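Here you go, one structure.
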Number of protein chains: 2
Amino acid sequence: MPRAVVKPTEEADIRALSLFNGMTEESFQALFRGAYVQNFPPMIDLITEGDPSDFLHVITHGSVELFAEWNGRETTMATVRPVSTFILAATIRDAPYLMSARTLEKSRIVLLPSIDVREVFATDPVFARAIVDELAMCYRAVIKNTKNLKLRTSVERLANFILRNVSNGDGLATFELSMEKRRLASFLGMTPENLSRAIKTLQGYGVKVEGAQVTVHDVEDLTAFAKPEALIDDYST
Amino acid sequence: MPRAVVKPTEEADIRALSLFNGMTEESFQALFRGAYVQNFPPMIDLITEGDPSDFLHVITHGSVELFAEWNGRETTMATVRPVSTFILAATIRDAPYLMSARTLEKSRIVLLPSIDVREVFATDPVFARAIVDELAMCYRAVIKNTKNLKLRTSVERLANFILRNVSNGDGLATFELSMEKRRLASFLGMTPENLSRAIKTLQGYGVKVEGAQVTVHDVEDLTAFAKPEALIDDYST
DNA sequence: GTCCGAATTTGACCCAGATCAAGTTGAAGT
DNA sequence: ACTTCAACTTGATCTGGGTCAAATTCGGAC
């Protein structure tokens with residue numbers, strides 16, 4: 001896998017991320033001086049949990065699954081999509097990765113040496129502020145996820161997942177599942193078999209799933225069942 | 001509940017926290033100029049989820065439970081003990097609290113206005129660095145907690161909880177439960193009844209629980225069952 | 001279009017853990 | 001010591017969700 005230079009358009013995409021967009025050009029260049037880019041085929045392990053965190057990863061194309069293992073069991077922790085960073089916390093603390101990562105599709109990843117990230121963090125207050133904002137947001141996202149897991153049943157989690165992915169507003173709404181059902185099941189904390197049954201249960205609330213296409217015929221009805229709440233389901237705050 | 005000044009010894013305890021100990025005296029004073037302290041009786045609500053985050057809280061005595069509610073259900077998210085801060089992420093992002101907090105015992109809490117925290121963060125790079133470290137650590141703690149919840153059964157979670165609280169090393173080890181069993185149950189994601197049964201199950205691995213006193217007769221044996229792992233159970237990294 | 005292997009669904013069954021209903025224990029107040 | 005009330009434990013039962021096995025469907029490769 002040969003290293004490659006970062007394309008200018010790519011650099012622009014990355015700079016547009018809230019993590020990078022306020023920093024000085026000088027800092028930005030310092031960060032990208034040691035950076036490189038790689039394309040990966042699907043299902044390639046990028047990171048193994050426990051390894052030292054040498055790079056901050058930025059995904060610019062494709063999709064990456066973050067997962068964790070223990071005692072022969074495996075669970076999906078999150079799916080990462082362009083353009084965003086992952087494993088920021090490990091980079092900051094210079095601590096081992098807590099999660100493994102693999103590509104799901106053909107993906108393009110920018111690797112920024114962790115040491116440079118920490119260096120620029122120390123010298124650019126705007127970048128420092130951005131990192132804190134990003135970390136605080138990630139922290140809050142994980143707390144929300146914990147509440148979701150501990151306070152809701154699997155059918156409720158699925159219902160809220162669907163509502164989050166639906167263009168809210170009027171009556172009929174539809175969207176395409178962005179990952180395989182078995183990964184969705186693992187992410188939601190259930191088995192693939194049980195996801196099938198949960199989908200069937202939600203048919204009673206006007207949800208139809210055909211392949212990856214999900215259609216909600218009565219958003220009102222599903223909302224009444226799912227009881228979504230900003231403090232769990234709004235990922236933007 | 002009258003506000004009170006922060007005692008010098010208390011100030012010293014707080015300054016000793018990794019979050020504050022590197023900052024300039026000037027910054028520290030700026031942070032404490034608007035601070036005040038309160039004593040609370042047990043079972044007082046300090047924070048309600050959804051409220052705006054006006055203060056960074058520091059507990060200097062007692063204990064505080066962080067919990068969350070949804071649709072009539074409630075779960076314990078964490079128990080906070082002296083000396084440490086809580087709800088840092090909400091303060092940083094100036095976002096609503098995701099969790100509620102109540103005192104478990106008579107407790108003493110220092111309240112630092114969030115606006116001052118953000119102000120000092122912007123001017124003191126050492127403090128900024130410390131906040132990032134703290135946030136990254138908290139983030140990683142929650143990720144570990146998620147792995148614990150999704151990858152382990154309730155008996156396994158209990159076994160690892162006990163091992164974490166035991167002075168590791170030789171054969172016989174003992175410790176005192178620092179919270180009521182029903183809160184421990186909720187924290188571990190199970191019912192009180194089920195915690196009782198889980199304890200009984202672990203008797204087979206040399207665990208004896210009498211009231212709040214937990215004794216492990218054979219740490220080896222329990223460890224073989226619990227399979228603790230740094231990437232889930234080591235809260236220090 | 002056909003074939004092949006993986007993903008998904010379905011059905012039957014099972015188990016961890018929840019719920020419900022009594023007990024017990026235990027600690028604080030009198 | 002006695003009362004009282006909450007916390008805890010125990011037993012019985014129920015159920016959400018997992019497991020296992022057998023279809024069925026789907027998506028690529030040819």
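Source: prediction; values computed, not measured. Below, chain A is the first sequence line, B the second, and so on; all start at residue 1.
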Original post:
Please give, in whole Å, the distance from dA7(D) P to L177(B) CG?
Top reply: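 After rounding, the gap between these two atoms is 15 Å.
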Original post:
Do R73(A) and E156(B) sit within salt-bridge range, that is, some charged N less than 4.0 Å from a carboxylate O?
Top reply: yes
Original post:
Could R108(B) and F40(B) be counted as a cation-pi pair, given that NZ or CZ must be under 6.0 Å from the ring centre and within 45° of the axis?
Top reply: no
Original post:
Between T76(A) and S186(A), is there a donor-acceptor pair closer than 3.5 Å when you use the side chain of the first and the backbone of the second?
Top reply: no
Original post:
Hey, does the side-chain of R197(B) have a donor or acceptor N/O within less than 3.5 Å of a partner on the base of dG11(D)?
Top reply: yes
Subject >> Enclosure of Y205(B) OH (heavy-atom neighbours >12, cutoff 6.0 Å) >> reply: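 Result for OH/Y205(B): open.
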Subject >> T191(B) side-chain N/O to dA18(C) phosphate OP1/OP2 under 4.0 Å >> reply: yes
Original post:
Hey, which of these two, G211(A) or M190(A), hits DNA chain D nearer its 5' end, going by closest nucleotide?
Top reply: M190(A)
Subject >> Between dA6(C) (P) and M43(A) (CE): distance, integer Å >> reply: 12 Å
Original post:
For R73(A) and dA16(C), what is the distance between atoms CZ and P respectively, to the nearest whole Å?
Top reply: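 Atom-to-atom, R73(A) to dA16(C), this comes out as 11 Å.
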**OP:** Kindly say whether G211(B) contributes a backbone atom to a donor-acceptor pair with the side chain of K181(B) at under 3.5 angstrom?
**Re:** yes
**OP:** For the helix from dG1(C)-dC30(D) to dT30(C)-dA1(D), measure the angle between the helix axis at one end and the axis at the other, each built from five pairs, rounding to 10°.
**Re:**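 Answer for the end axes of this duplex: 50°.
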Subject >> Under 3.5 Å donor-acceptor pair, E193(B) side-chain atoms to dC8(D) base atoms >> reply: no
Original post:
With the threshold set at 4.0 Å, does a side-chain nitrogen-carboxylate oxygen contact exist between D233(B) and R152(B)?
Top reply: yes
**OP:** Could you list by number each residue of residues 144-160 of chain B showing a heavy-atom separation from DNA chain D of less than 4.0 Å, or answer none if no residue does?
**Re:**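 Within residues 144-160 of chain B, no residue comes under 4.0 Å of DNA chain D.
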**OP:** Starting from C1' on dG17(C), measure out to CG on N194(B) and report it in whole angstrom.
**Re:**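 So the two atoms are 5 Å apart, to the nearest Å.
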Subject >> Verdict with supporting geometry, S100(A) and E69(A), side-chain hydrogen bond (donor to acceptor under 3.5 Å, both in side chains) >> reply: CA-CA 8 Å; S100(A) 302; E69(A) 292 170 288; 4.5 Å; no
Subject >> Atom-pair distance (NZ on K208(A); P on dT9(C)), nearest Å >> reply: 15 Å
Original post:
How long is the line joining CG of L188(B) and P of dG17(C), in whole Å?
Top reply: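 Rounded to the whole Å, the gap is 11 Å.
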Original post:
Mind checking what makes ring-ring contact (aromatic ring centres under 6.0 Å, His included) contact with F55(B), not counting sequence neighbours?
Top reply: Y36(B)
Original post:
Using the ring of each side chain (for Trp, its six-membered ring), is H57(B) parallel, tilted or perpendicular to F86(B), with breaks at 30° and 60°?
Top reply: tilted
**OP:** Report the distance from atom CG of L195(A) to atom P of dT9(C), rounded to the nearest whole Å.
**Re:**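 Result: 7 Å.
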Original post:
Does a side-chain N or O from K181(A) land closer than 4.0 Å to OP1 or OP2 of dT9(C), or not?
Top reply: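 Result: yes.
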**OP:** Go through the N and O atoms of the side chain of E180(B) and the base of dC8(D), and report whether any donor-acceptor pair is under 3.5 Å.
**Re:** no
Subject >> Rounded interatomic separation in angstrom, taking CD from E210(B) and P from dT25(C) >> reply: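 After rounding, the gap between these two atoms is 14 Å.
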